[in-house]
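Written below as structure tokens is the structure these notes are about.
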Amino acid sequence: MLAIDDDHAPLYTVGQVASMLGVQQAFLRRLDEHGVLSPSRTEGRQRRYSRLEIQRLQYVHDLVEQGMTLAAVRKILELEDRVRELEDALKRMPKTRKRASVPPLDERFIP
DNA sequence: CTTCTAACA
DNA sequence: TGTTAGTA
């Protein structure tokens, strides 16, 4: 009954995606090389992008235009994914009315 | 005709 | 980063 997610379906080639977004194929391939966004591959090793990946591509394109390096973009996407994880982990956490204790400044950053 | 990798400017 | 040669 779960209308299978056609948003995750790997359907589009680099060429299609590149012209859809008005970017160059080389750019998309570089994102793949740098681990920013790696689409799934066919058995013949050809890239196939899903609609979700294309959306993320739009976002990545913006960040790069704003001057972000690919390494920076990769880190940003990692952190944003991490934030989502924590957000819905929080959402599922049993409601407690306790006052959250704030960790000391020094300990709060750097994994 | 399209994509792929690798290499060069 | 964009382009291109040589393939598959």
Side-chain angles (χ1 to χ4, degrees):
Chain A
M1 215 182 285
L2 281 171
I4 318 300
D5 37 276
D6 60 339
D7 276 352
H8 288 73
L11 304 171
Y12 305 87
T13 66
V14 254
Q16 296 177 308
V17 176
S19 64
M20 286 175 67
L21 303 186
V23 302
Q24 289 202 280
Q25 301 188 4
F27 173 67
L28 299 180
R29 300 199 175 104
R30 269 163 226 285
L31 293 182
D32 189 358
E33 293 167 4
H34 286 68
V36 173
L37 197 169
S38 302
S40 40
R41 302 283 193 123
T42 64
E43 287 188 26
R45 299 294 299 156
Q46 290 202 347
R47 282 168 260 252
R48 286 297 132 85
Y49 296 84
S50 69
R51 298 189 183 183
L52 242 47
E53 289 171 326
I54 294 177
Q55 288 178 27
R56 174 160 279 198
L57 244 21
Q58 302 256 24
Y59 180 49
V60 170
H61 185 226
D62 289 338
L63 294 181
V64 172
E65 282 187 320
Q66 287 170 31
M68 239 71 92
T69 65
L70 296 188
V73 173
R74 189 182 63 244
K75 176 64 78 178
I76 289 173
L77 294 185
E78 285 173 11
L79 293 175
E80 290 182 341
D81 284 344
R82 185 63 179 142
V83 168
R84 287 191 203 92
E85 285 180 42
L86 295 175
E87 279 179 341
D88 62 57
L90 253 186
K91 193 176 305 177
R92 301 171 190 300
M93 200 173 292
K95 302 179 176 65
T96 63
R97 76 224 79 268
K98 72 150 174 30
R99 188 168 303 286
S101 59
V102 180
L105 266 183
D106 320 290
E107 307 284 348
R108 241 189 308 183
F109 306 92
I110 309 301

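So that the names make sense, note that chain A is the first sequence line, chain B the second, and so on, each numbered from 1.
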List the residues meeting side chain to side chain donor-acceptor pair (under 3.5 Å) with [X], not counting sequence neighbours, and say none if there are none.
{"X": "A:Gln25", "value": "A:Arg29"}
{"X": "A:Gln55", "value": "none"}
{"X": "A:Arg41", "value": "A:Asp32"}

Intra- and inter-strand pairing of DNA chain B, written as dot-bracket with Watson-Crick and G-U pairs under 3.5 Å and | for the latter, reads .|.||||||

The contact string for nucleotides 4-9 of chain B, one letter per nucleotide 5' to 3', using protein heavy atoms under 4.0 Å with B, S and - for base, sugar-phosphate only and none, comes out as BB-B--

For A:Gln24, all residues meeting side chain to side chain contact (heavy atoms under 4.5 Å, CB included), sequence neighbours excluded
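In terms of side chain to side chain contact (heavy atoms under 4.5 Å, CB included), with neighbours along the sequence ignored, A:Gln24 is linked to no residue.
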
Item to complete: Starting at CG of A:Leu31, measure out to NE2 of A:His61 and round the result to the nearest 0.5 Å.
Response: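 Reported value, rounded in 0.5 Å steps: 9.5 Å.
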
*Rounded to the nearest 0.5 Å, how far does CG of A:Asp7 lie from CD of A:Glu53?*
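Taking CD in A:Glu53 and CG in A:Asp7, the distance rounds to 11.0 Å.
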
Item checked: Residues in contact with DNA chain C, drawn from residues 54-68 of chain A - heavy-atom cutoff 4.0 Å ->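 Contacts with DNA chain C under 4.0 Å: A:Val64.
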
- request: With sequence neighbours excluded, give me every salt bridge (Lys or Arg N to Asp or Glu O under 4.0 Å) pair touching residues 61-71 of chain A.
  value: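 Passing the test, one end in residues 61-71 of chain A: no pairs.
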
May I have the distance from A:Tyr49 (atom OH) to B:dT3 (atom P), rounded to whole angstrom?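 Going from OH in A:Tyr49 over to P in B:dT3 covers 11 Å.
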
Counting only pairs under 3.5 Å, give me each side-chain donor-acceptor contact of residues 8-21 of chain A, with atom names and distances, residues two or more places apart or in other chains.
{"residue": "A:Tyr12", "atom": "OH", "partner": "A:Arg51", "partner atom": "NE", "Å": "3.3"}
{"residue": "A:Thr13", "atom": "OG1", "partner": "A:Gln16", "partner atom": "N", "Å": "3.2"}
{"residue": "A:Thr13", "atom": "OG1", "partner": "A:Gln16", "partner atom": "OE1", "Å": "3.4"}
{"residue": "A:Gln16", "atom": "OE1", "partner": "A:Thr13", "partner atom": "N", "Å": "2.9"}
{"residue": "A:Ser19", "atom": "OG", "partner": "A:Gly15", "partner atom": "O", "Å": "3.4"}
{"residue": "A:Ser19", "atom": "OG", "partner": "A:Gln16", "partner atom": "O", "Å": "3.1"}

Legend entry - First and last nucleotide of DNA chain C, 5' to 3', lying under 4.0 Å from heavy atoms of chain A: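 Terminal contacting nucleotides, 5' to 3': C:dT1 to C:dT3.
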
Cut-off 3.5 Å, no hydrogens considered: what does the side-chain donor-acceptor table look like for residues 69-82 of chain A, sequence neighbours left out?
{"residue": "A:Thr69", "atom": "OG1", "partner": "A:Ala72", "partner atom": "N", "Å": "3.1"}
{"residue": "A:Arg74", "atom": "NH1", "partner": "A:His34", "partner atom": "O", "Å": "3.2"}
{"residue": "A:Glu80", "atom": "OE2", "partner": "A:Tyr59", "partner atom": "OH", "Å": "2.7"}
{"residue": "A:Asp81", "atom": "OD1", "partner": "A:Arg56", "partner atom": "NH2", "Å": "3.0"}
{"residue": "A:Asp81", "atom": "OD1", "partner": "A:Arg84", "partner atom": "NH1", "Å": "2.6"}
{"residue": "A:Arg82", "atom": "NH1", "partner": "A:Glu85", "partner atom": "OE1", "Å": "2.9"}

Query - Side-chain hydrophobic cluster, 4.5 Å single linkage: members besides A:Val83 - result: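 The other cluster members (ILVMFWY side chains, heavy atoms under 4.5 Å, direct or chained): none.
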
So, is A:Thr13 near the phosphate of B:dT3, with a side-chain N or O under 4.0 Å from OP1 or OP2?
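Yes, A:Thr13 has a side-chain N/O under 4.0 Å of OP1/OP2 on B:dT3.
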
